[in-house]
K.L.:
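Input: one structure, supplied below.
Hydrogens, waters and symmetry mates are skipped; everything else that's a heavy atom, side chains included, is used. Chain A is the first sequence line, chain B the second, and so forth, proteins listed ahead of strands; every chain is numbered from 1.
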Protein chains: 2
Amino acid sequence: METNDPARLDDMLCFAVYSTGLAFNRLYKRLLDQLGLTYPQYIAILALAQKDGQSVSELGDQLFLESNTLTPLIKRLEAAGLVSRRRDSADERVVRVDLTERGRALLADLQCVPEEVAKAAGITLDQLHAMQDGLAALRTNLRAGE
Amino acid sequence: METNDPARLDDMLCFAVYSTGLAFNRLYKRLLDQLGLTYPQYIAILALAQKDGQSVSELGDQLFLESNTLTPLIKRLEAAGLVSRRRDSADERVVRVDLTERGRALLADLQCVPEEVAKAAGITLDQLHAMQDGLAALRTNLRAGE
DNA sequence: CCAATATAAATCGCACACGATTTAATCGCA
DNA sequence: TGCGATTAAATCGTGTGCGATTTATATTGG
């Protein structure tokens, strides 16, 4: 034999994660488009619903994104009237983000999204939790080398 | 109680998939940058290594992408001298993509990538296969509604 | 045979992601 | 106190993804 065969896509975990992410993205696009949100904007809104007034960095820690991605995203949410931005008076370097009244009102419209997604996913709760745990562990390992 | 609380990110399978995808992407960026490839370009090369002369559509079926994404990607690979494009003589609508000599030579350099990734992932083969199967099933369900 | 339809790529606009750099504010410590 | 190092956002350039449209070619039904 000359060299090893290159890996088949079906055998690659990275590709399973990648392509499932694409599939999720397309489903969410259908669900969120009418509300004028993208998927990353949606999870940013959810993170702010959990804890308002987070800094860009704190949001980034939750979403695994940095300011180069988050700043424009947040500005688009601000332009849509869903969040407001303010400098932290104690440290003027820090920008804090709050949900506006309009942003908070949107949360009601978002309530039906998770059940739509669960319906489309069509897996048992046990499978779901097992995969969540496995992916979280995997994510931690992958990020360890950064 | 007024309304249901919005979902927490940690409880959302979509977010586990999304954020693990980001982590994979960053790892691959480190591994592939020196070879001048992006992750989607890498999987396109692997797909062509499996079967040369595929049409844009056939590649799209494998990668779960469409011509709007693949055409520019393939053109960049062509500009890098890794693939060549030709019209199918039997059906001039179809563009077929082949690995060039240079593209085939690159496969040797790519051999070490999977083991680097496996090292970083740090999970057992059983876990890996379980997650692959779970994700593939999930992807199929999510795509059923399209 | 040929106009209506269908199909394959390509094109366009927008919103991520991210490496690299820049700007502004704060910190550390001599 | 002051100035070099650090930190937080923002900015910039490149490459995806994808909905919508366009262009070119092929098919098909009358």
K.L.:
Could you check how far CZ of A:R93 sits from P of D:dT7, rounded to whole Å?
P.N.:
9 Å
K.L.:
Indicate yes or no for a side-chain donor-acceptor contact from B:E66 to the backbone of B:G60 under 3.5 Å, with no hydrogens or angles considered.
P.N.:
no
K.L.:
Does C:dA17 have its OP1 or OP2 closer than 4.0 Å to a side-chain nitrogen or oxygen of B:Y39?
P.N.:
no
K.L.:
Looking at every strand, decide which applies to A:L70 at a 4.0 Å heavy-atom threshold: base, sugar-phosphate, or nothing.
P.N.:
nothing
K.L.:
ring-ring contact (aromatic ring centres under 6.0 Å, His included), that's the test. Do A:Y18 and B:F24 meet it? Break it down for me.
P.N.:
CA-CA 8 Å; A:Y18 167 76; B:F24 262 125; over 10 Å; no
K.L.:
What is the nucleic acid contact for B:R85, judged by heavy atoms within less than 4.0 Å: base, sugar-phosphate only, or nothing?
P.N.:
sugar-phosphate
K.L.:
Identify the heavy atoms of B:A16 and A:R139 that sit nearest to each other, and give their distance.
P.N.:
CA-NH1, 4.4 Å
K.L.:
With respect to the phosphate group of C:dA17, does any side-chain polar atom (N or O) of B:R26 fall under 4.0 Å of OP1 or OP2?
P.N.:
no
K.L.:
Looking at every strand, decide which applies to A:D91 at a 4.0 Å heavy-atom threshold: base, sugar-phosphate, or nothing.
P.N.:
sugar-phosphate
K.L.:
Distance check needed: D:dA8 C1' versus A:L59 CG, whole Å only.
P.N.:
13 Å
K.L.:
Closest to the A:T71 side chain: D:dG17, D:dA9, C:dC18?
P.N.:
D:dA9
K.L.:
With DNA chain C as reference, determine whether A:E92 or A:L65 sits nearer its 5' end, using the nearest nucleotide of each.
P.N.:
A:L65
K.L.:
Which nucleotide in the list D:dA9, D:dG17, D:dT16 gets nearest to the side chain of B:L73?
P.N.:
D:dT16
K.L.:
Establish, with yes or no, whether the OP1 or OP2 oxygen of C:dA15 is under 4.0 angstrom from a side-chain nitrogen or oxygen of A:Q41.
P.N.:
no
K.L.:
Considering every strand and a 4.0 Å limit on heavy-atom distances, what is the contact class for A:Y28: base, sugar-phosphate, or nothing?
P.N.:
nothing
K.L.:
Look at B:S55 and C:dA9 and indicate whether a side-chain polar atom (N or O) is within less than 4.0 Å of OP1 or OP2.
P.N.:
yes
K.L.:
Counting Watson-Crick and G-U wobble pairs only, both distances under 3.5 Å, name the nucleotide matched with D:dA8, or none.
P.N.:
C:dT23
K.L.:
NA contact type, A:T38, heavy-atom cut-off 4.0 Å: base, sugar-phosphate, or nothing?
P.N.:
sugar-phosphate
K.L.:
What closest approach, in Å, do A:S55 and A:V94 show between heavy atoms, and which atom pair accounts for it?
P.N.:
CB-CG1, 3.5 Å
K.L.:
OP1 or OP2 of D:dT16 versus the side-chain N and O atoms of B:R76: is any pair under 4.0 Å?
P.N.:
yes
